[in-house]
**Q** 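Questions regarding the structure given below will be posed in turn.
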Amino acid sequence: MTKAAVIGLGTMGPGICATLARAGVSVVAFDLSAEQRAKAPAMLDLATQVLEKLGVKLVGGGSVQLADSLETAVAGADLVIENVPEKLDLKREIFAAICRLVAPGTIIASDTSGIPITDIQSGMANPGRIIGMHWSNPPHIIPMIEVIAGRETAPETVAWMKDFVRRIGHLPVVIKKDVPGFVENRVLYSVMRECVDLVERGVIDPEDLDTCVSWGIGYKLAVVGPMALLDMAGLDIYNAVGSYLNRELCDRSDVAPYVTQRVAEGKLGMKTGGGIFGYTPEKIAALREERARKLVAIRRILQE
Ligand code: NAD
């Protein structure tokens with residue numbers, strides 16, 4: 001397998017293209033927006049520099065070309081990776097178009113953050129080749145990829161994808177049941193729900209919450225995963241604490257006003273100059289640089 005098409009060059013697409021190219025894959029990328037296509041080379045360059053700093057093995061023969069139509073992008077592809085916005089109708093429309101354009105054996109993957117793959121693949125031609133390939137942002141830095149089988153995904157497609165993820169230097173994790181949000185986002189969103197609740201109730205200030213999580217459990221979890229942590233702490237301890245604490249935890253099924261009110265006011269975070277914290281363009285540039293540098297350094301250490 002040497003040819004991949006990446007559809008969508010927003011937040012995720014460029015880092016994915018750079019990772020594939022570094023592993024010797026010949027990539028053709030397409031975005032419907034001419035503006036995004038124009039921005040892509042600079043974003044690809046940045047991601048490539050980070051891969052260099054990470055010390056990711058360079059396999060010869062890889063490249064990224066930009067296409068100006070979906071048809072050109074997917075022509076002759078062995079693998080298509082879809083990265084368009086998180087809307088089921090849009091994804092189904094694009095999957096139907098891709099299915100019409102590619103050979104029956106081409107594997108078609110969605111980078112959806114949590115839409116069940118079963119909902120994307122139902123009614124498509126050869127649904128057995130359709131699979132979830134959920135990268136984590138930034139995709140060239142975070143090495144874990146969830147591989148999700150929908151109800152109709154063929155076991156050979158899952159096996160192929162696991163091998164492919166290893167081949168590009170990332171770590172595949174197989175999600176055995178196609179549950180909404182898969183695993184990474186279910187865990188993340190349960191953590192986020194509790195964090196927002198604690199801040200909203202005035203238990204802790206946002207800055208201290210971040211320090212508590214990053215330097216407490218976050219730092220530790222990067223080395224010892226939750227299941228191993230249960231063994232490390234002792235299941236009797238979890239049993240004792242969980243027996244009074246679980247009932248105290250936030251279990252709301254809607255999104256807290258702390259978030260919905262800010263969204264209604266247009267306070268969306270870094271992209272609008274403010275959300276929970278405030279941002280200037282200079283601060284955003286500095287944070288991006290600092291976060292990429294630190295993630296690179298941590299990954300290098302963790303890989304030792
Ligand atoms: P984004 O909005 O930044 O980029 C999507 C891109 O798709 C845009 O550039 C848009 O122009 C393009 N697009 C829209 N319609 C198209 C079409 N018909 N053909 C080709 N291109 C089209 O989105 P993103 O954050 O890169 O997310 C893409 C997918 O990856 C989503 O399903 C998202 O849930 C998932 N994902 C995102 C993250 C994240 O942190 N951003 C992490 C993991 C997975």
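Nothing fancy with the numbering, it's 1 onward along the sequence. Numbering of ligands and ligand atoms starts at 1, following listing order.
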**Q** Any link between Val84 and Ile148 through a network of hydrophobic side chains (Ile, Leu, Val, Met, Phe, Trp, Tyr) touching at under 4.5 Å?
**A**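 Same cluster: Val84 reaches Ile148 through Ile, Leu, Val, Met, Phe, Trp or Tyr contacts under 4.5 Å.
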
**Q** Would you say Met12 and ligand 1 have an N/O pair spaced under 3.5 Å apart?
**A**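 There is such a contact, yes.
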
**Q** Which residue holds the protein heavy atom closest to atom 5 (C) of ligand 1, what is that atom called, and what is the gap in Å?
**A**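 Here the nearest protein heavy atom works out to Asn83 O, 3.5 Å.
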
**Q** With no hydrogens and no angle check, just 3.5 Å: does a side-chain donor-acceptor pair link Glu184 and Ser136?
**A**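 Yes, a side-chain donor-acceptor pair sits under 3.5 Å.
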
**Q** Of all the atoms in ligand 1, which lie at a distance below 4.0 Å from a heavy atom belonging to Lys91?
**A**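 Taking each heavy atom of Lys91 in turn, ligand 1 has 31 (C), 32 (O) under 4.0 Å.
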
**Q** For ligand 1, which atoms have a heavy atom of Ser113 less than 4.0 angstrom away?
**A**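 Heavy-atom distances to Ser113 below 4.0 Å select 33 (C), 34 (O), 35 (C), 36 (N), 37 (C), 43 (C), 44 (C).
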
**Q** Pairs of nitrogen or oxygen atoms closer than 3.5 Å, one from Glu82 and one from ligand 1: do any exist?
**A**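 Looking only at distances, the answer is no, because the N/O contact criterion of under 3.5 Å is not met.
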
**Q** Considering only protein heavy atoms, which is closest to atom 2 (O) of ligand 1, and at what distance to one decimal place?
**A**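 Atom 2 (O) of ligand 1 sits closest to the protein heavy atom Pro85 CG, 4.1 Å.
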
**Q** Tell me: protein heavy atom nearest atom 25 (O) of ligand 1, and distance?
**A**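 Here the nearest protein heavy atom works out to Thr11 CB, 3.4 Å.
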
**Q** Tell me, which protein residue and heavy-atom name are nearest atom 35 (C) of ligand 1, and how many Å apart are they?
**A**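 Among all protein heavy atoms, the one nearest atom 35 (C) of ligand 1 is Asp111 O, 3.1 Å.
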
**Q** If you have a sec, work out which protein heavy atom is nearest atom 4 (O) of ligand 1 and how many Å separate them, to one decimal?
**A**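 Nearest protein contact, heavy atoms only, for atom 4 (O) of ligand 1 is Gly10 CA, 3.2 Å.
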
**Q** Any Lys/Arg nitrogen of Glu52 or Arg22 sitting under 4.0 Å from an Asp/Glu carboxylate oxygen of the other?
**A**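 Salt bridge: yes.
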
**Q** I want to know if ligand 1 touches Ser136 in the polar sense, i.e. an N/O pair below 3.5 angstrom.
**A**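 Not met; the criterion fails.
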
**Q** So, regarding Leu32 and ligand 1 (criterion: nitrogen or oxygen to nitrogen or oxygen, under 3.5 Å), is there a contact or not?
**A**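 Yes, at least one N or O pair falls under 3.5 Å.
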
**Q** For atom 31 (C) of ligand 1, find the nearest protein heavy atom and state the residue, atom name and distance (0.1 Å precision).
**A**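 Protein heavy atom at minimum distance: Val84 O, 3.3 Å.
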
**Q** May I ask you to check if ligand 1 and His134 share an N or O to N or O distance below 3.5 Å?
**A**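 It does not: no N or O of His134 is found under 3.5 Å from an N or O of ligand 1.
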
**Q** Aromatic contact between Trp135 and His170, with the criterion being ring centroids under 6.0 Å apart: yes or no?
**A**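 Aromatic pair counts; centres sit under 6.0 Å.
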
**Q** What I want to know is whether Trp135 and ligand 1 share at least one N or O pair that is separated by under 3.5 angstrom.
**A**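 In fact, backbone or side chain, Trp135 has no N or O that close.
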
**Q** Applying side-chain hydrogen bond (donor to acceptor under 3.5 Å, both in side chains) between Glu265 and each of Lys267, Arg262, Gln261, report the one that passes.
**A**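 Of the listed options, the one satisfying the test is Lys267.
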
**Q** As a test of understanding, state which of Ile108, Asn83, Val74 forms a side chain to side chain contact (heavy atoms under 4.5 Å, CB included) with Ile7.
**A**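 By the side chain to side chain contact (heavy atoms under 4.5 Å, CB included) criterion, Ile7 pairs with just one of Ile108, Asn83, Val74: Val74.
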
**Q** Under 4.5 Å between side-chain heavy atoms, hopping through other hydrophobics if needed: is there a path connecting Leu229 to Ile217?
**A**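 Per the 4.5 Å side-chain linkage, Leu229 and Ile217 are co-clustered.
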
**Q** Any chance the side chains of Thr112 and Glu86 put a donor and an acceptor closer than 3.5 Å?
**A**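 Glu86 and Thr112 do have a side-chain donor-acceptor pair below 3.5 Å.
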
**Q** Heavy atom under 4.0 Å from ligand 1: found in Leu70's side chain, backbone, both, or neither?
**A**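 For Leu70, there is no contact with ligand 1 at all, from either part.
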
**Q** Measure Ile7 to ligand 1 on non-hydrogen atoms and call it side chain, backbone, both or neither using the 4.0 Å cut-off.
**A**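 It is the side chain that touches ligand 1; the backbone stays farther off.
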
**Q** Look only at interatomic distance and state if Leu90 has a nitrogen or oxygen under 3.5 Å from any nitrogen or oxygen of ligand 1.
**A**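 Between Leu90 and ligand 1 (N or O atoms, distance only) the closest approach is not under 3.5 Å.
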
**Q** In plain terms, say whether Lys87 and Asp89 are close enough for a salt bridge, that is, a side-chain N and a carboxylate O under 4.0 Å apart.
**A**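 No.
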
**Q** With atoms numbered from 1 as shown, which atoms in ligand 1 lie under 4.0 angstrom from a non-hydrogen atom of Ser33?
**A**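 That gives atoms 11 (O) of ligand 1.
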
**Q** For Arg193, is there an ion pair with Asp197 - N to carboxylate O distance below 4.0 angstrom?
**A**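 So Asp197 does not pair with Arg193 through a salt bridge.
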
**Q** Could you tell me whether a side-chain N or O of Asn126 sits under 3.5 Å from a main-chain N or O of Gly128, the two making a donor and an acceptor?
**A**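 No: the side chain of Asn126 does not pair with the backbone of Gly128.
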
**Q** Starting from atom 18 (N) of ligand 1, find the nearest protein heavy-atom neighbour and note its residue, name and distance.
**A**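 So the nearest neighbour among protein heavy atoms is Ile94 CD1, 3.2 Å.
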
**Q** Glu93: heavy atom below 4.0 Å from ligand 1, yes or no?
**A**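 No heavy atom of Glu93 comes that close to ligand 1.
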
**Q** How far is atom 9 (O) of ligand 1 from the closest protein heavy atom, and which atom is that?
**A**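 Ranking protein heavy atoms by distance from atom 9 (O) of ligand 1, first comes Asp31 OD2, 2.6 Å.
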
**Q** Regarding Arg300 and Glu304, does a basic nitrogen lie under 4.0 Å from an acidic carboxylate oxygen?
**A**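 Glu304 and Arg300: not salt-bridged.
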
